[in-house]
*Asks:* 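Input: one structure, supplied below.
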Amino acid sequence: MSNCIFCKIAAGEVPSQVVKKGDGMMAFKDLTPQAPTHVLVIPTTHVASLNDAKDASLLGKLLAFAREVALETGVATKGYRVVLNTNPDGGQTVFHLHLHVLGGRPMKWPPG
Ligand code: AMP
Ligand code: ZN
């Protein structure tokens, strides 16, 4: 999608700090990190939100990719959080499906 910032990141048209790439997925550092490790995981093809993700296998791949990112960034053993904000009440601000992988500090519950 031409006007989507994460599509532009996936295409290399907007710079990002790439953590991992391959198999139709990409992970890069969040611009405004909320934890010592804060990585976003996206499908490289445009899907606006979880509500729009018709392909369940893509969701499985996205989650497995996030788990690999957690392992490779060294937060897997101590623990981490995977967040998927959906639509305005869910806190979604970028309408290209993405998972947040947050780690490197203890997480609080409940979330705000
Ligand atoms: P959400 O609020 O769940 O839609 O998350 C969007 C996330 O994208 C936020 O945590 C932003 O800090 C992050 N973000 C926005 N623009 C960029 C960018 N150009 N590079 C990296 N992260 C970004
Ligand atoms: Zn997009």
Side-chain angles (χ1 to χ4, degrees):
M1 217 177 95
S2 59
N3 210 24
C4 170
I5 182 80
F6 286 180
C7 280
K8 288 180 180 165
I9 286 175
E13 293 163 14
V14 166
S16 68
Q17 287 185 268
V18 180
V19 173
K20 188 177 175 69
K21 206 171 175 182
D23 200 24
M25 301 285 148
M26 180 176 176
F28 54 95
K29 291 190 179 176
D30 197 291
L31 206 55
T32 313
Q34 302 301 319
T37 297
H38 188 173
V39 176
L40 300 176
V41 180
I42 64 167
T44 54
T45 54
H46 185 81
V47 177
S49 79
L50 182 59
N51 289 342
D52 301 289
K54 308 300 178 206
D55 180 1
S57 71
L58 178 128
L59 294 173
K61 274 171 62 179
L62 193 69
L63 197 55
F65 204 84
R67 180 177 60 181
E68 288 169 15
V69 166
L71 273 169
E72 290 169 19
T73 57
V75 299
T77 301
K78 283 190 95 174
Y80 60 99
R81 182 170 291 171
V82 176
V83 172
L84 202 179
N85 297 326
T86 303
N87 279 352
D89 273 8
Q92 186 175 8
T93 59
V94 176
F95 287 84
H96 179 129
L97 180 65
H98 55 279
L99 299 178
H100 297 254
V101 178
L102 297 146
R105 66 167 170 82
M107 297 293 147
K108 297 190 177 84
W109 193 264

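Counting convention: from 1, in listed order, for ligands and their atoms alike.
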*Asks:* Taking K61 for its side chain and D23 for its backbone only, find out whether a donor-acceptor pair lies under 3.5 Å.
*Replies:* yes
*Asks:* State whether the side chain of R67 and the backbone N or O of A76 hold a donor-acceptor pair below 3.5 Å, judged by distance alone.
*Replies:*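 No: the side chain of R67 does not pair with the backbone of A76.
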*Asks:* So K78 and P106, do their side chains get closer than 4.5 Å, heavy atoms only?
*Replies:*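 The answer is no; the side chains never approach within 4.5 Å.
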*Asks:* Working to the nearest 0.5 angstrom, can you tell me the gap between I5 CD1 and T93 OG1?
*Replies:* 11.0 Å
*Asks:* Apply the side-chain contact (heavy atoms from CB on, under 4.5 Å) test between H38 and each candidate in D30, T32, T73; give the one that qualifies.
*Replies:* D30
*Asks:* Answer yes or no: is there a donor N or O on one side and an acceptor on the other, between the side chain of Q92 and the main chain of L50, under 3.5 Å?
*Replies:*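 Checked: no pair found.
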*Asks:* Is there a path from F95 to L59 through hydrophobic residues (I, L, V, M, F, W, Y) whose side chains come within less than 4.5 Å of each other?
*Replies:*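 No; L59 is not reachable from F95 via cluster members.
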*Asks:* Hey, would you say the H100 and H98 ring centroids sit under 6.0 Å apart?
*Replies:* yes
*Asks:* Quick check on ligand 1: any N or O pairs to the protein under 3.5 Å? One line per pair.
*Replies:*
from     : atom 1 : to   : atom 2 : distance (Å)
ligand 1 : 2 (O)  : G91  : O      : 3.0
ligand 1 : 2 (O)  : T93  : N      : 3.4
ligand 1 : 2 (O)  : T93  : OG1    : 2.9
ligand 1 : 3 (O)  : N85  : ND2    : 2.8
ligand 1 : 3 (O)  : H98  : NE2    : 2.9
ligand 1 : 3 (O)  : H100 : NE2    : 2.8
ligand 1 : 4 (O)  : T93  : N      : 2.7
ligand 1 : 4 (O)  : T93  : OG1    : 3.2
ligand 1 : 4 (O)  : V94  : N      : 2.9
ligand 1 : 4 (O)  : H98  : NE2    : 3.0
ligand 1 : 5 (O)  : H98  : NE2    : 3.0
ligand 1 : 5 (O)  : H100 : NE2    : 3.2
ligand 1 : 10 (O) : D30  : OD1    : 3.2
ligand 1 : 10 (O) : D30  : OD2    : 2.5
ligand 1 : 12 (O) : D30  : OD1    : 2.5
ligand 1 : 22 (N) : L31  : N      : 3.1

*Asks:* Keeping waters out of it, list the protein N, O or S atoms under 2.8 Å from the Zn ion (ligand 2).
*Replies:*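 Short answer, with waters excluded from the count: C4 SG, C7 SG, H46 ND1, H96 ND1.
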*Asks:* Assess whether atom CZ of R81 is packed by more than 12 heavy atoms of other residues, nucleotides or ligands within 6.0 Å.
*Replies:* yes
